[in-house]
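All values reported here derive from a predicted model rather than from experimental measurement. Just so you know, these numbers use all the heavy atoms, side chains as well, and skip hydrogens, waters and symmetry mates. The chains referred to below are lettered A, B, ... by the order of the sequence lines, with proteins before strands, and numbering in each begins at 1.
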Protein chains: 2
Amino acid sequence: MRDVALAAEVSTATVSRVLNEDAARGLGAVAKVSGATRERVLAAALRLDYKLNHVARSLKTRSTRTIAILAPELANDFFMALAEGIEQELGKAGYMLLLSSSSNSADEEKRRLGVLSQRLVDGIIVVPASRRGEHIQAIADGGTPVVLVDRLVEGAALDCVLADNEGGAYAATRALLADGFSRIAFLGGNPALSTAQERLAGFERALADAGLTGRDVRPGGMGIADGYRLMDELMAEAEPPEALFAVNLLVHLGMERRLLEEGRAALGRFAMASFDETPYSPFMTACRYSVAQPAADMGAAAARLLLERITLAGASAPAAVPRCLRLDTRLIRH
Amino acid sequence: MRDVALAAEVSTATVSRVLNEDAARGLGAVAKVSGATRERVLAAALRLDYKLNHVARSLKTRSTRTIAILAPELANDFFMALAEGIEQELGKAGYMLLLSSSSNSADEEKRRLGVLSQRLVDGIIVVPASRRGEHIQAIADGGTPVVLVDRLVEGAALDCVLADNEGGAYAATRALLADGFSRIAFLGGNPALSTAQERLAGFERALADAGLTGRDVRPGGMGIADGYRLMDELMAEAEPPEALFAVNLLVHLGMERRLLEEGRAALGRFAMASFDETPYSPFMTACRYSVAQPAADMGAAAARLLLERITLAGASAPAAVPRCLRLDTRLIRH
DNA sequence: ACGGGCCGTGTAATCGATTACAAGCGCGTG
DNA sequence: CACGCGCTTGTAATCGATTACACGGCCCGT
């Protein structure tokens with residue numbers, strides 16, 4: 001910057017003003033630098049191919065224009081779509097995205113949050129690894145804006161963006177019922193995750209509304225291997241349920257994997273439905289429902305919420321009351 | 001840091017030494033701080049809940065311990081697995097991952113690279129959006145280590161990690177031939193991408209090796225919509241090919257989508273194969289091959305290459321000669 | 001007993017921006 | 001004519017670390 005100042009025969013202060021004014025052009029801020037000087041500085045900067053040092057700026061302004069996303073894993077269609085939604089929205093506002101994975105562990109999540117706060121990120125979007133949220137709340141209390149996505153934590157007063165898990169599960173279960181199935185089982189789940197609990201609740205409400213009393217619920221994880229195992233157990237039963245509702249696509253996938261081992265014909269054996277949907281879903285079984293979550297929208301919404309809170313914090317406005325968005329799911333019949 | 005220094009009754013220099021020594025523990029570096037002082041500083045830091053300001057450190061050391069990945073898009077199984085591989089490997093080394101999307105545009109790619117270099121990232125992993133690579137080479141020449149992944153660019157002397165596209169396509173085509181199909185078409189592709197060209201080359205070599213002369217090649221994009229359109233055209237033909245090799249999974253998916261519209265029975269109409277593979281692949285058709293790319297391994301390899309180059313650059317060693325890794329693909333029969 | 005080396009620690013410059021404060025200048029007004 | 005106001009620009013402090021250099025003390029050899 002000194003070189004540019006020298007070349008333009010002004011002070012570094014003036015160079016800085018030109019550059020910042022330039023960034024904030026359109027804002028009602030008072031024009032501080034005269035036209036002629038501005039031209040000279042701009043020309044010099046161009047000539048010297050000057051690149052502003054963002055780290056130095058961050059040190060002074062205490063803002064890195066970077067936000068982080070902390071998710072339990074990365075290679076997962078849902079989280080990816082989420083990340084894409086976030087990235088799009090942040091890009092518009094000139095922010096960058098720092099990616100971090102908690103590897104499905106609350107401890108690792110805590111560690112990563114610590115590292116992130118050292119880096120002075122302007123905000124963090126967290127997909128909690130568990131229901132425990134003290135460490136997340138602590139970060140928020142420390143002044144770093146935080147938004148939760150997809151999953152809820154206990155006893156935290158934080159902004160969040162969630163899918164209507166209960167409603168989605170309710171709709172899918174009703175659809176199965178309307179198709180004439182009454183012996184429906186709910187497969188998979190993890191009591192530590194709000195999503196699993198909410199989906200189960202929707203499932204049970206649909207059964208209750210239909211006047212059914214007994215419920216067939218088989219928790220046991222949220223992954224492909226879990227679905228595989230659950231289906232394996234199911235197939236050993238004398239009188240298995242007719243229809244199956246899987247807590248998510250991974251469990252569903254594991255289930256169908258197991259079925260496929262019996263031959264392609266076996267795929268038609270159960271009427272299946274599950275949460276989540278990908279472009280591959282139409283190929284997975286003959287008759288089925290998917291509950292599609294608006295992942296990209298959820299990401300975008302979370303990003304907007306976070307950006308709002310960041311500007312609020314910047315203006316040192318009174319901490320706004322936490323907001324919680326529920327986005328609708330969409331029932332897809334294949 | 002000053003507070004910690006005050007509390008421990010030492011200078012900030014000593015505090016800094018304690019902290020850095022701690023980080024570099026195990027290194028053969030000379031121990032600079034005596035045991036007693038170290039304990040006092042550590043205790044004070046703990047008591048005050050002191051968090052080092054990473055931005056300030058970066059400004060001084062000119063290293064952010066952050067590397068960036070710039071990919072054409074994010075919501076894509078391959079890039080995701082790539083990102084996960086990279087994140088894992090970087091995490092071990094204490095680096096963070098900055099995520100950036102070039103939206104499949106070379107111009108956007110150039111813009112993003114500019115932004116990234118302002119941020120003083122320690123290195124960049126690029127999945128080039130096109131064959132043009134001047135802007136990427138320029139970044140590397142500017143001193144920021146760069147590694148290319150998945151796709152090659154023209155006339156750049158850069159480290160890169162690629163899949164054996166030619167070999168993978170060759171193997172899949174041979175498998176189709178061995179199954180008795182001789183009228184095989186190659187579908188999809190983009191002359192601007194090295195992957196597409198290499199896969200086509202492998203396809204053609206397999207045909208040549210089998211003594212077949214006429215080749216049925218139908219380029220026309222790399223996306224789902226392109227596959228859909230290609231299949232649409234195919235189905236209008238009087239004598240369509242018996243077997244189809246799609247340049248990637250997206251094209252393949254589009255093709256099957258179109259088939260599915262004709263009813264589930266239509267899915268068996270062609271023998272299909274394609275590059276890429278996901279957990280969903282087994283469900284896509286009755287008879288088919290997938291060429292699986294080791295995406296996570298490619299990411300990890302790229303990360304290692306980059307880290308190596310970063311430490312080299314740090315030691316201001318002579319610029320190493322560019323290395324190019326080709327990772328084997330795996331042919332999967334479903 | 002004295003000089004040299006080593007070890008532990010402190011002083012202060014530095015990284016590259018932002019910005020509070022001050023200063024110079026031109027111009028309108030009482 | 002002098003005063004003051006507003007506009008543009010410069011001076012220098014600051015953000016929070018790292019690190020070159022200096023310095024004092026201690027041990028040791030001759």
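With the end axes of the helix from C:dA1-D:dT30 to C:dG30-D:dC1 each set by five pairs, the angle from one to the other reads 60° at 10° resolution.
One finds a salt bridge joining A:R304 and A:E89 here, because a Lys/Arg side-chain nitrogen approaches an Asp/Glu carboxylate oxygen to under 4.0 Å. Under 4.0 Å is where a charged nitrogen must lie from a carboxylate oxygen, and between B:E134 and B:R132 at least one such pair does.
Residue B:S63 is tested with B:I310, B:D122, B:V121 for a side-chain contact (heavy atoms from CB on, under 4.5 Å); the sole match is B:D122.
At the phosphate of C:dC7, neither OP1 nor OP2 sits under 4.0 Å from any side-chain N or O atom of B:S34. Look at A:T14 and you'll find a side-chain N or O under 4.0 angstrom from OP1 or OP2 of D:dG10.
Residue pairs meeting the salt bridge (Lys or Arg N to Asp or Glu O under 4.0 Å) criterion with at least one member in residues 306-315 of chain A, sequence neighbours excluded, are A:D159-A:R309, A:E308-A:R323.
Taking the side chain to side chain donor-acceptor pair (under 3.5 Å) definition, one finds that A:T66 meets it with B:R119, sequence neighbours left out. With sequence neighbours excluded, no residue forms a side chain to side chain donor-acceptor pair (under 3.5 Å) with B:K60.
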Report all side-chain donor-acceptor pairs from residues 138-152 of chain A shorter than 3.5 Å, counting only partners two or more places apart or in another chain.
{"residue": "A:D141", "atom": "OD1", "partner": "A:Q137", "partner atom": "NE2", "Å": "3.1"}
{"residue": "A:R151", "atom": "NH1", "partner": "A:P128", "partner atom": "O", "Å": "3.0"}

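Within 4.0 Å (heavy atoms only), A:S58 reaches no atom of the nucleic acid at all. Backbone-only contact: B:V10 has heavy atoms under 4.0 Å from sugar-phosphate atoms and none from a base.
One interatomic measurement links the two molecules: CD of B:E21 to P of C:dC7, which rounds to 13 Å at whole-angstrom precision. In this structure, A:E9 atom CD and D:dT8 atom C1' are separated by 17 Å, rounded to whole Å.
Contact record, B:L116 with A:M96: CD2-SD, 3.8 Å, taken as the closest heavy-atom pair.
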Pairs under 3.5 angstrom, nitrogen or oxygen only, protein versus nucleotides 13-17 of chain D, please.
{"residue": "D:dT14", "atom": "O2", "partner": "A:K60", "partner atom": "NZ", "Å": "3.0"}
{"residue": "D:dC15", "atom": "O3'", "partner": "A:R62", "partner atom": "NH1", "Å": "3.0"}
{"residue": "D:dG16", "atom": "OP1", "partner": "A:R62", "partner atom": "NH1", "Å": "3.2"}
{"residue": "D:dG16", "atom": "N2", "partner": "B:A56", "partner atom": "O", "Å": "3.4"}
{"residue": "D:dA17", "atom": "OP1", "partner": "B:Y50", "partner atom": "OH", "Å": "2.7"}
{"residue": "D:dA17", "atom": "OP1", "partner": "B:N53", "partner atom": "N", "Å": "2.7"}
{"residue": "D:dA17", "atom": "OP2", "partner": "B:M1", "partner atom": "N", "Å": "2.9"}
{"residue": "D:dA17", "atom": "O5'", "partner": "B:Y50", "partner atom": "OH", "Å": "3.4"}

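No side-chain heavy atom of A:Y50 sits under 4.5 Å from any side-chain heavy atom of A:D3.
A donor N or O paired with an acceptor N or O is found under 3.5 Å between the base of D:dG10 and the side-chain atoms of A:R17.
If you find the closest nucleotide of DNA chain C to B:A13 and to A:A13, the one lying nearer the 5' end belongs to B:A13.
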